[in-house]
Amino acid sequence: MYIIMLGAPGSGKGTIGKEICKKYNLTHLSTGDIFRDEIKRDTDLGKKANEYISNGNLVPDDITISMVEDKLMELGDVLLDGFPRTINQAESLKKFLNQKEKSVTAVINLCIPDEDIIKRTSSRVICSNKECGATFNTIFMPPKVEGICDVCGSKLIVRDDDKPETIKERLNVYYKNTEPLISFYKKEGILETIDIDIYSNTTKEDTTEKAFQIIERRLK
Ligand code: ADP
Ligand code: ZN
C-alpha cells in the first residue's frame, strides 16, 4: 500500500501520517525528516540540502527523486510525507510505481487556511530524537511536560526553518510548486481532501479518524 500525504507546511502531514502508519503498519517516509537527519550528520547530501531548506526553498528534484527512489526500492508498504512536492516528482513517482506494477491507494490532502499555517508553524516544536520525530505545538497541541516529548522523553526543539520569514517563503513555494499536485491527483482519481480548521473542533483525533475512514473506503 502507498499513501501520499499532501498539504501546506504545518497542515499536519507528519502528525496524521504517523497515526496512519501505526494503524496500517506502513513505513513513514518523510523527506523533511531525512534531510534534517542528513543536515545534522553533516553529510554531503545534508550540506547541499541545507542551502535550500534554510531559505525555505525546495531541494532540487534530481537529488530528491533519486533519494526517495533508493528508499522505496528497499521498503514495502509506505506512507509518503512531503513527497511528491512538485509535478515533476509526482510524474517520476508514477513512472516508478508503474514499472513495479504498483499504484497509490490514496492521496490525503490536508486543507488548512493560511492564517492557521502561520500560527501552527510558529508555535511548532519537534522531538530532537530522530528515531521518534514526534511533533507538538506549544499552543494547539502542547506536550504533557513543557519541552519534553510525550512519546520518548527527549528534549523538544524548534525547527530551523520554522522562523516567520522562512515560513512565508515556504508558503510561496507551496502555492507555486506543490498546490498544482491537487489537480494532478484529482485527475488521477485518487485525491481525498480533509478540511481542517483549528478553531472548530477538528482535533488531531478527528482528522486521524477521517483519514482512517478514507483508507478503509479505498481499500474496498
Ligand atoms: P513542512 O511540510 O512542514 O514544510 P517538511 O519537513 O516536509 O516540512 O520539509 C522541510 C523542508 O525540506 C522543505 O521546506 C524543503 O526545503 C525540503 N523538502 C522536503 N521534502 C521535499 C521534496 N519532496 N522536494 C524538495 N524539497 C523537499
Ligand atoms: Zn520523541
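Indexing begins at 1, ligand by ligand and atom by atom, following the structure's order. Computed from heavy atoms alone, side chains included, the values below leave out hydrogens, waters and symmetry copies.
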Which residue and heavy atom of the protein sit nearest atom 11 (C) of ligand 1, plus the separation: Asp161 OD2, 3.9 Å
Which of the numbered atoms in ligand 1 are under 4.0 angstrom from any heavy atom belonging to Gly10? 3 (O)
Would Arg36 count as being in polar contact with ligand 1, using the rule that some N or O on each side must be under 3.5 angstrom apart? yes
In Å and rounded to the nearest 0.5 Å, what is the CG to OG1 distance from Leu171 to Thr121? 7.0 Å
Please report which non-hydrogen protein atom sits nearest to atom 27 (C) of ligand 1, along with the residue it belongs to and the distance in Å to one decimal place. Phe35 CE1, 3.7 Å
Ligand 1 atoms nearer than 4.0 angstrom to some heavy atom of Ile53 are 12 (O), 16 (O), 17 (C)
Take Ile39 and Ile53 through the test side chain to side chain contact (heavy atoms under 4.5 Å, CB included) and record every step on the way to the result. CA-CA 10 Å; Ile39 293 170; Ile53 295 180; 4.1 Å; yes
Proximal atoms of ligand 1 relative to Lys13 (non-hydrogen, under 4.0 Å): 2 (O)
In terms of residue, atom name and distance, what is the protein heavy atom nearest to atom 20 (N) of ligand 1? Thr31 OG1, 2.7 Å
Protein N/O/S count near the Zn ion (ligand 2) (criterion: distance under 2.8 Å): 4
List every atom of ligand 1 that sits less than 4.0 Å from any heavy atom of Thr64, numbering the atoms from 1 in the order shown and giving each element. 22 (C), 23 (N), 24 (N), 25 (C)
Salt bridge (charged side-chain N to carboxylate O under 4.0 Å, His left out): pairs with one or both residues in residues 28-38, sequence neighbours excluded: Asp33-Arg36, Asp37-Arg41, Glu38-Arg41
Could you walk me through whether Thr64 and Leu58 satisfy the side chain to side chain contact (heavy atoms under 4.5 Å, CB included) test, starting with their C-alpha distance in whole Å, then the side-chain angles of each, then the deciding distance to 0.1 Å, before giving a yes or no? CA-CA 9 Å; Thr64 309; Leu58 294 181; over 6 Å; no
May I ask you to list the atoms of ligand 1 that are less than 4.0 angstrom from any heavy atom of Arg124? 3 (O)
So which heavy atom in the protein is nearest atom 8 (O) of ligand 1, and how far is it from that ligand atom? Arg159 NH2, 3.0 Å
Could you grab the distance from atom CD1 of Ile108 to atom CG of Leu6, nearest 0.5 Å is fine? 10.5 Å
Using a 4.0 Å heavy-atom cut-off, which part of Glu51 comes near ligand 1: side chain, backbone, both, or neither? neither
What atoms of ligand 1 come closer than 4.0 angstrom to any heavy atom of Gly32? 5 (P), 6 (O), 9 (O), 19 (C)
Show the atoms of ligand 1 that are less than 4.0 angstrom away from any heavy atom in Gly82. 20 (N), 21 (C), 22 (C), 23 (N)
So, is the end of the Lys23 side chain (NZ or CZ) under 6.0 Å from the ring centre of Phe212 and within 45° of the ring's axis? yes
Students should be able to answer this: which protein heavy-atom is nearest to atom 16 (O) of ligand 1, and at what distance? Asn57 O, 2.5 Å
So with a 6.0 Å cut-off around CG of Asn25, is the heavy-atom count from everything else above 12? no
Please determine whether a side-chain nitrogen of the Lys or Arg among Glu91 and Lys94 lies less than 4.0 Å from a carboxylate oxygen of the Asp or Glu. no
Calculate, to the nearest 0.5 Å, the distance between atoms CD1 and CD belonging to Ile214 and Glu209 respectively. 10.5 Å
I need the Ile194 CD1 to Leu110 CG distance, nearest 0.5 Å. 5.5 Å
Note: ligand 1 atoms sitting under 4.0 Å from heavy atoms of Gln89 are 22 (C), 23 (N), 24 (N), 25 (C)
Full working for side chain to side chain contact (heavy atoms under 4.5 Å, CB included) between Tyr2 and Leu72: CA-CA 10 Å; Tyr2 291 91; Leu72 287 179; 4.1 Å; yes
Measure the spacing between CG of Asp70 and CE of Met67 and express it to the nearest 0.5 Å. 9.5 Å
Shortest protein heavy-atom distance from atom 4 (O) of ligand 1, along with the residue and atom involved: Arg170 NH2, 2.8 Å
With a 4.0 Å cut-off on N to O distance, would you call Arg124 and Asp161 a salt bridge? no
Arg218 bridged to Glu192 by N-O distance under 4.0 Å: yes
To the nearest 0.5 Å, how far apart are CD1 in Ile157 and OG in Ser128? 5.5 Å
Around atom 7 (O) of ligand 1, find the nearest protein heavy atom and jot down its residue, atom name and distance. Arg85 NH1, 3.2 Å
Where does Val59 meet ligand 1, judged by heavy-atom distances below 4.0 Å: at the side chain, the backbone, both, or neither? both
